[in-house]
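Single-structure report; data block below.
Chain A is the first sequence line, chain B the second, and so forth, proteins listed ahead of strands; every chain is numbered from 1.
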Amino acid sequence: MSVTLKMDFGSYEIKGFHDEMMGDDGMVRSHYKLFQDRLKKMGMKKLTMLQHETDRAQLTLGMTFNVYSDNQGVERILHLDIIPRIIPGKDWDIIDKGLKQRIIALNMFIHDIYHEKKILKDKVIPKELVLSSTAFLKQCEGLNPPEDVWCHITGSDVIRGEDGQFYVLEDNLRCPSGVSYMLENREILKRTFPELFEKLNVRPVYNYSHNLRDMLESLSSVSNPSIAVLTPGIYNSAYFEHSYLAQQMGAELVEGRDLIVQDEKVFMITTKGLKQIDVIYRRVDDDFIDPLVFKKDSLLGTPGLFNAYKKGNVVLVNAPGTGVADDKAVYAYIPRIIKYYLGEEALLPNVQTYICAEQDDRNYVLEHIDQLVVKQTDASGGYGMLVGPKSTREQQQEFVQLIKKNPRNYIAQPMINLSRVPTITESTIEGRHVDLRPYILYGKELKIVPGALTRVALNKGSIVVNSSQGGGSKDTWVVDY
Amino acid sequence: MLSRVADSVYWMSRYIERAENYARFLDVNFNLSLELHPNAKEQWKPLVVVTGDSELFEAYYKSGAKKNVIRFLAFDERNPNSIYSCIVNARENGRAIRPEITKEVWEQINSLYYLVKEGQDKKYWEKKDPRKFFDRVKKGCQLLYGILDSTISKTEGWHFVKIGQLIERADKTSRILDVKYHLLLPDPEMVGSALDLIQWSTLLKSVSAYDMYRRKYGKLTPWSISEFLIFDKNFPRSILSCLLGAEQSLKSITRSDQGSFSNSAEKKIGLLRSQLEYADINDIFGSGLHEYLDDLQLKLNQLSTSIFETFFSTKNIVNLSSKTFQNGKTQ
């Protein structure tokens, strides 16, 4: 007698979190109805089989990344859980509007900081806080990038709290990564659940690479500009993405050593001599792009690149210096930044943030360190972070010392119970915490493709979704139904 | 095309061809060992000798036993030329030029990688009969070249693939031919004996030349076999045919006319090719086939160095271009 394991959501736990599939009443939310029906019909065995197929597909596609802290050469796969995160179109439209408002304001902020610094003079943000940021680059003062746009590509981290409300957790304005996973995850899921794509009206994301190329071209005054993606090289953890994007856009994939600056212009070294480059989508951090101006010992950079940029002979995307707006201490002021430049209230709220540089906030943080999430202001990737309620006393004490020693370097936020999405575990399906990273393109116009990378904390109870810390990913479906 | 990328394309291709040839060596030698008289000594060490890695082999292994040689040439990551290392290197090069190759090419390199990784993880060298593995490697490499051929535009990148493949193949054919020099006959009197003939026909089979040779010459003789593998213009694995193909691709890149050259790589390949065109197998046997093949391998190495200096060395290219700049010429 054969036993078919039926999918049973009777024992699926919600307990106190916002679950993207199930309402608080234990009923499936309407935008997940069709998908859940499909799951129930399929049974656990078939679902597990589909998951295995996906794992194999990822390997063959070479969607691997290297983890910095690991031994070099260890290749990992960003695990793709095949149960999608589904967002109703009307919710998406809120995110879309909110992010556009935010990016416009942040871009005005960056431009202002590198020119008149009005917002500092008007004392909306403490001057020292901004100018002491390691991401503030004095060398960028007075520069005018094309269209006055600095942050061309942003990947903001959006989360949904237990109240069902969306918040912006971080603005990644430097070199946000992950968009290739958004695109490849979709390709894979179209193979996994073709019949659902036929029935559900999932908004498409495929035109992202076209939009990206159009945006990059629009920044150059040259007709038919030559475009390159600058990568630190094959050992970088995001190399798969760099090569993927170059390939999708038909751009050159270059490393610093492929480039040379002559006559204040940037050339790449080809088998037939030197060829000029007009636009560089660089996936190398500010500090490393040009050893003459920034980190002197950088081997990734190209001497003279910054000067060529200053002279307007090459466009750098994102513009150097944008990091000043995603310093985690500046983050706390973003609602005020939006109000200051646009005269509007922020459509997407911030998560409450305590700035350790300010005495009252600092005292609160030190007293409540076991309840808060503490973050280093210039770190990313889940590094330099303390999750208070999940940490040991020693870890907490370590952060107390760190904060006292250098308060400017730390902020703290209440621990937010990120919403959860059903996720395949070894034997069953359980809720796991997720965030959401949409990608915003800003050239002559602002564009956001209706999709995102949903990152999921695969470990039970964990809220850290970073790929370097046990996170996986999900495809994100924006549906109109 | 970026110089660094062209370099990687060239080496990716060489590594794939090398892996395929090693799989051929091993497969054929395995077959040969089955045809020997049960008391005859199996000869595996000559395979290591012709790859030029004997010193390395002796550093890690005590004896030239079958298992050791198979492990060293196929699976040992300490041997930079083992099938395993070649595929890993090809994949690393492929990764570096990902935008230049198609998805299908990349996926095939990846599946080759997982094949050799499995072989290493599961210790295939301890298998009684690892021929299935060699066959899968050989077919996997052939499939890869097939995909390259049918999905990549015939522009610069494709020509560098060709050049890499053909130079590697010329080198390997010369080495396979040299195996015979190292394969010992129990007694000098046995030249022309059944054993001798088995060895020669094995050699032909290892470069898939047996059928084509039979059609052209019929009878197996050392002279005709050597002539076929070195000088035949039409057989795709003969050394001359490889050089002709590589020269043609080189000229497609530089657009030089036939009979002229615009850089040292073209000069070297033209010279080598014409030396082969005017050579005679009897002269070669007179002065020693082994010595001739040794010299050929040296010249192929020099050719590879010239290709590097002409197309891949960024230092050279920047120096040249800077001179052009100073002369006021633009690109």
Any chance you could measure B/E156, atom CD, to A/T271, atom OG1, to the nearest 0.5 Å?
3.0 Å

When rounded to the nearest 0.5 Å, the distance separating CD1 of B/I253 from NZ of A/K272 is 7.0 Å

Structural part of A/V229 lying under 4.5 Å from a heavy atom of chain B:
neither

Toward chain B, the part of A/L245 with a non-hydrogen atom under 4.5 Å
neither

Any pair counted as ring pair (Phe, Tyr, Trp, His ring centres under 6.0 Å), so long as it reaches residues 100-120 of chain B, sequence neighbours left out:
none

For B/I97, is it the side chain, the backbone, both or neither that has a heavy atom under 4.5 Å from a heavy atom of chain A?
backbone

Structural part of A/Y239 lying under 4.5 Å from a heavy atom of chain B:
side chain

Nearest-0.5 Å distance that lies between atom OH in A/Y244 and atom NZ in B/K103:
7.5 Å

Please give me the minimum heavy-atom distance between A/A246 and B/P99, naming the atom from each residue.
CB-CG, 3.8 Å

If one checks every heavy atom of B/E100 against chain A at 4.5 Å, the contacting part turns out to be side chain

Contact origin within A/Q276 toward chain B - heavy atom pairs under 4.5 Å
neither

What residues of residues 308-315 of chain B sit under 4.5 Å from chain A when you count only heavy atoms?
B/F311, B/T314

